[in-house]
Amino acid sequence: MLTWKEVLAQHKTLRGIGAHSLLVDRGESGYPNRFLPDGSILYPGEGLSGSQQPVKGNRRLLQALAAQTPLRVYQRIQPNCWLDRGLFRVEGVEYRWEEAERRYVYWFRLVPLT
């Protein structure tokens, strides 16, 4: 387990999508990450209001998909307690209309490298 200070030293940003890593949780951040039985993660794009655009963190994830660049994933377990889930690659992306939110959201599929 890692402290937030240790994660931040490696992640280097308060944003969920960093240059080489991602932060996930079980919804505490407002983002509904979906943890799938096969170990993959459905990761919603950056932006909690309005239709998401291919800018900032979303652009980073789209570039990681195109280049097949792995990203380290850190999962928040509880306050100040983080798990290094290891390297994942962005396997695919779907940009879909979320009726309940009345907006388009990117859903990135992250697959663990084993």
Side-chain angles (χ1 to χ4, degrees):
M1 293 293 165
L2 302 168
T3 65
W4 170 242
K5 185 177 179 180
E6 292 169 317
V7 170
L8 186 58
Q10 297 171 48
H11 186 63
K12 301 187 187 318
T13 180
L14 298 176
R15 303 177 78 86
I17 302 169
H20 306 287
S21 57
L22 304 169
L23 305 179
V24 299
D25 59 27
R26 299 232 178 239
E28 297 91 348
S29 62
Y31 289 95
N33 302 293
R34 296 181 186 157
F35 298 87
L36 304 178
D38 67 358
S40 61
I41 301 168
L42 289 181
Y43 189 87
E46 182 177 41
L48 290 171
S49 64
S51 290
Q52 294 179 349
Q53 301 299 316
V55 296
K56 301 180 185 175
N58 295 332
R59 182 179 350 195
R60 280 197 183 133
L61 291 175
L62 291 167
Q63 290 169 340
L65 172 62
Q68 290 295 285
T69 306
L71 300 166
R72 185 156 302 278
V73 172
Y74 296 101
Q75 182 180 351
R76 181 181 182 269
I77 304 300
Q78 61 187 29
N80 202 35
C81 185
W82 293 78
L83 175 64
D84 180 346
R85 298 274 311 261
L87 294 174
F88 283 67
R89 84 179 152 78
V90 182
E91 180 181 79
V93 63
E94 184 180 352
Y95 188 60
R96 70 173 185 240
W97 177 255
E98 296 292 338
E99 185 62 41
E101 300 178 43
R102 307 219 26 91
R103 68 189 189 117
Y104 282 95
V105 174
Y106 282 105
W107 285 97
F108 297 93
R109 184 179 183 90
L110 309 174
V111 176
L113 298 179
T114 51

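Note that these values count all heavy atoms, side chains included, but never hydrogens, waters or copies made by symmetry.
- C81 and M1 get closest at one heavy-atom pair: SG-SD, 3.6 Å.
- Judged purely by atom type and a 3.5 angstrom limit, N33 has no side-chain atom pairing as donor or acceptor with the backbone of Y43.
- Of the possible polar contacts, one joining the S51 side chain to the Y104 backbone as a donor-acceptor pair under 3.5 Å is found.
- For the pair L23 and R76, the minimum side-chain heavy-atom distance is 4.5 Å or more.
- Between L83 and V73, every side-chain heavy-atom pair lies at or beyond the 4.5 Å cut-off.
- The main-chain N or O of G45 is never found under 3.5 Å from a side-chain atom of Y31 such that the two would form a donor-acceptor pair.
- Between H20 and Q10, the closest side-chain pair of non-hydrogen atoms is not below 4.5 Å.
- Applying the ring pair (Phe, Tyr, Trp, His ring centres under 6.0 Å) test to F108 and every residue at least two apart in sequence or in another chain returns Y106.
- A distance-only check finds no donor-acceptor pair linking the side chain of E91 to the backbone of V111 [under 3.5 Å].
- Every residue meeting the salt bridge (Lys or Arg N to Asp or Glu O under 4.0 Å) condition with R103, not counting sequence neighbours, appears here in chain and number order: E101.
- To the nearest 0.5 Å, the span separating CD1 on I41 from CG on L22 amounts to 8.0 Å.
- For residues 64-90, the ring pair (Phe, Tyr, Trp, His ring centres under 6.0 Å) pairs, not counting sequence neighbours, are W4-W82.
- Interatomic distance, L8 CG to L14 CG, rounded to the nearest 0.5 Å: 6.0 Å.
- Although no hydrogens or angles enter the test, the distance criterion places no donor-acceptor pair under 3.5 Å between the side chain of E98 and the main chain of R96.
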Practice problem: Show your reasoning for whether side-chain contact (heavy atoms from CB on, under 4.5 Å) applies to D84 and V7. | Solution: CA-CA 9 Å; D84 180 346; V7 170; over 6 Å; no
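- Heavy-atom minimum distance, P32 versus P44: CD-CG, 3.9 Å.
- Rounded to the nearest 0.5 Å, atoms CG (L2) and CD1 (I77) are 10.5 Å apart.
- Taking all atoms of both residues into account, the shortest heavy-atom contact from L71 to A64 is CD1-CB, 4.1 Å.
- Remark: side-chain polar atoms of E99 are not paired, donor with acceptor, to backbone N or O of W97 under 3.5 angstrom.
- For the atom pair OG1 (T69) and CZ (R60), the distance works out to 12.5 Å, reported to the nearest 0.5 Å.
- Rounded to the nearest 0.5 angstrom, N58 CG and Q53 CD are separated by 9.0 Å.
- Taking CG of L110 as the start and CG of L65 as the end, the distance is 10.0 Å to the nearest 0.5 Å.
- In this structure, R109 and D38 approach most closely via the heavy-atom pair NH2-OD2, 3.0 Å.
- The shortest distance between side-chain heavy atoms of I17 and K56 does not fall below 4.5 Å.
- The two residues Q52 and Y95 have their closest heavy-atom pair at O-OH, 2.6 Å.
- When the side chains of ILVMFWY residues are joined at heavy-atom separations under 4.5 Å, either directly or via intervening members, V24 and L61 end up in a single hydrophobic cluster.
- Between P70 and L113 the shortest heavy-atom distance is CB-CD1, 3.6 Å.
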